[in-house]
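Heads up: the structure comes next, in structure tokens.
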Amino acid sequence: TNNPSSNGFWDTAGLEAGRYIIKAIVKDINGNKAEKEITVIIKSDKFEVESTSPSNGAKNIAIDLSESEGKIVVKFSEAIDNSISASSVIEISPSIEGEASWEDNKTLVFKLEKDSWLAYVTKYKITIKTDDLSSTKIEGVRSKKGVPLEKDYVFSFTTEEPKFSVSVSLKVVTLSKKQSVKHIME
């Protein structure tokens, strides 16, 4: 516990970065009392997305995500609070079949369903939702210390064009009056 001074200021020196709840209690001269809880975030290092795979703006990504072993990967700058459901912090548009999970204490992965592919020539937008501090329910990503991302993190990538070719071989044949197509085909 750290008590504020009588002038209403709170000395946060020595506190670790994180989320704190302050309970403000006031009394008026008649003895009437009021209370309110206030959430305060103390930041030291910035909590942010360090990298993604595929990278933001990438083009010609294989529809099976083979470059990243069939996964969309998001790495954070510090340990995350993985008590939050991984599927609740990631949105993908257009939607794709797969499952989100915490790979380790700094990594969120979305793995495609087995035998599932992305659509060709499609731009996929991925949103990593931040924690809304105005709510008591934690719904977005935040660090182990309780620090949320500054804002939702959005990145995108575009899938490859189809890779196939059609080869047609034509044989020009001149028929005489006595030949038929059946005769030529034999």
Side-chain angles (χ1 to χ4, degrees), residues 12 15-24 36-164:
T12 60
L15 292 176
E16 289 186 26
R19 177 188 288 217
Y20 293 87
I21 298 175
I22 300 172
K23 188 173 193 176
K36 176 145 179 137
E37 286 190 353
I38 303 164
T39 301
V40 175
I41 299 292
I42 297 175
K43 295 182 180 181
S44 61
D45 295 324
K46 195 174 184 181
F47 176 59
E48 60 191 353
V49 172
E50 274 189 345
S51 66
T52 63
S53 181
S55 61
N56 187 28
K59 298 194 180 326
N60 295 318
I61 299 299
I63 60 169
D64 63 355
L65 291 174
S66 57
E67 293 95 344
S68 55
E69 300 172 354
K71 302 183 278 190
I72 295 170
V73 181
V74 180
K75 291 195 180 280
F76 296 92
S77 59
E78 60 182 83
I80 49 178
D81 178 354
N82 57 9
S83 67
I84 304 159
S85 164
S87 60
S88 72
V89 302
I90 187 170
E91 290 178 352
I92 302 173
S93 179
S95 65
I96 55 178
E97 296 294 318
E99 183 179 342
S101 64
W102 301 114
E103 187 171 79
D104 59 36
N105 70 350
K106 286 184 159 185
T107 310
L108 169 68
V109 298
F110 184 90
K111 186 154 180 65
L112 288 176
E113 294 265 327
K114 187 177 181 181
D115 299 324
S116 182
W117 291 3
L118 303 177
Y120 283 111
V121 196
T122 302
K123 183 175 185 175
Y124 286 90
K125 176 181 161 188
I126 295 84
T127 302
I128 306 301
K129 297 187 288 183
T130 189
D131 190 15
D132 177 9
L133 296 177
S134 64
S135 170
T136 55
K137 184 178 178 189
I138 299 166
E139 296 179 346
V141 71
R142 65 178 183 168
S143 73
K144 202 66 133 179
K145 297 174 184 174
V147 179
L149 294 171
E150 279 187 28
K151 61 183 181 179
D152 288 354
Y153 183 84
V154 179
F155 69 102
S156 64
F157 62 87
T158 305
T159 53
E160 66 189 338
E161 292 185 15
K163 294 178 185 169
F164 63 90

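- Taking all atoms of both residues into account, the shortest heavy-atom contact from Pro162 to Val121 is CD-CG2, 4.1 Å.
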Problem set entry | side chain to side chain contact (heavy atoms under 4.5 Å, CB included) assessment of Ile72 paired with Ser53 | CA-CA 6 Å; Ile72 295 170; Ser53 181; over 6 Å; no
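- Heavy-atom contacts from other residues, nucleotides or ligands closer than 6.0 Å to CD of Glu37 number more than 12.
- A heavy-atom distance below 4.5 Å is not found between the side chains of Leu65 and Phe110.
- The line from CD1 of Ile90 to OG of Ser85 is 11.0 Å long, rounded to the nearest 0.5 Å.
- For the residue pair Phe47 and Ser77, the shortest heavy atom distance occurs at CA-OG, 3.5 Å.
- Legend: salt bridge (Lys or Arg N to Asp or Glu O under 4.0 Å) pairs involving residues 100-121, not counting sequence neighbours, sorted by first then second residue: Lys71-Glu103.
- At least one side-chain heavy atom of Ser156 sits under 4.5 Å from a side-chain heavy atom of Asn56.
- Among Lys144, Arg142, Lys145, the one residue that satisfies the salt bridge (Lys or Arg N to Asp or Glu O under 4.0 Å) test with Asp81 is Arg142.
- Atom OG in Ser143 sits 10.0 Å away from atom CD1 in Ile80 (nearest 0.5 Å).
- Between Val89 and Val141 the shortest heavy-atom distance is CG1-N, 3.5 Å.
- Ser93 places none of its side-chain heavy atoms less than 4.5 Å from the side chain of Tyr124.
- Counting non-hydrogen atoms of other residues, nucleotides and ligands closer than 6.0 Å to CD of Glu99 gives a total of 12 or fewer.
- A donor-acceptor contact shorter than 3.5 Å links the side chain of Lys129 to the backbone of Ser88.
- In this structure, Phe76 and Ile128 have side chains that are in contact, with non-hydrogen atoms separated by less than 4.5 Å.
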For this session: Determine, stepwise, if the pair Val74 / Phe155 fulfils side chain to side chain contact (heavy atoms under 4.5 Å, CB included).
Result: CA-CA 10 Å; Val74 180; Phe155 69 102; 4.0 Å; yes
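- Shortest non-hydrogen contact noted between Leu108 and Ala100 is CD1-CB, 4.5 Å.
- In this structure a side-chain-to-backbone donor-acceptor pair under 3.5 Å is present from Thr52 to Pro54.
- If you take CG on Asn105 and CD on Glu78, they are separated by 10.0 Å, rounding to the nearest 0.5 Å.
- For Glu50, the CD atom is densely surrounded, since the number of other residues' heavy atoms within 6.0 Å is greater than 12.
- The structure places CZ of Phe157 at 4.5 Å from CD1 of Ile126, a figure rounded to the nearest 0.5 Å.
- In this structure, the separation between CG on Asn82 and OG1 on Thr107 is 10.5 Å, given to the nearest 0.5 Å.
- Listed for the Thr122 side chain is a donor-acceptor partner under 3.5 Å among the backbone atoms of Tyr120.
- Rounding to the nearest 0.5 angstrom, the gap separating the CD atom in Glu91 from the OG atom in Ser87 is 11.0 Å.
- Trp117 pairs in a side-chain contact (heavy atoms from CB on, under 4.5 Å) with only one of the listed residues (Ile63, Thr159, Ile96), which is Ile63.
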Problem set entry | Evaluation steps, side chain to side chain contact (heavy atoms under 4.5 Å, CB included), between Thr130 and Glu150 | CA-CA 7 Å; Thr130 189; Glu150 279 187 28; over 6 Å; no
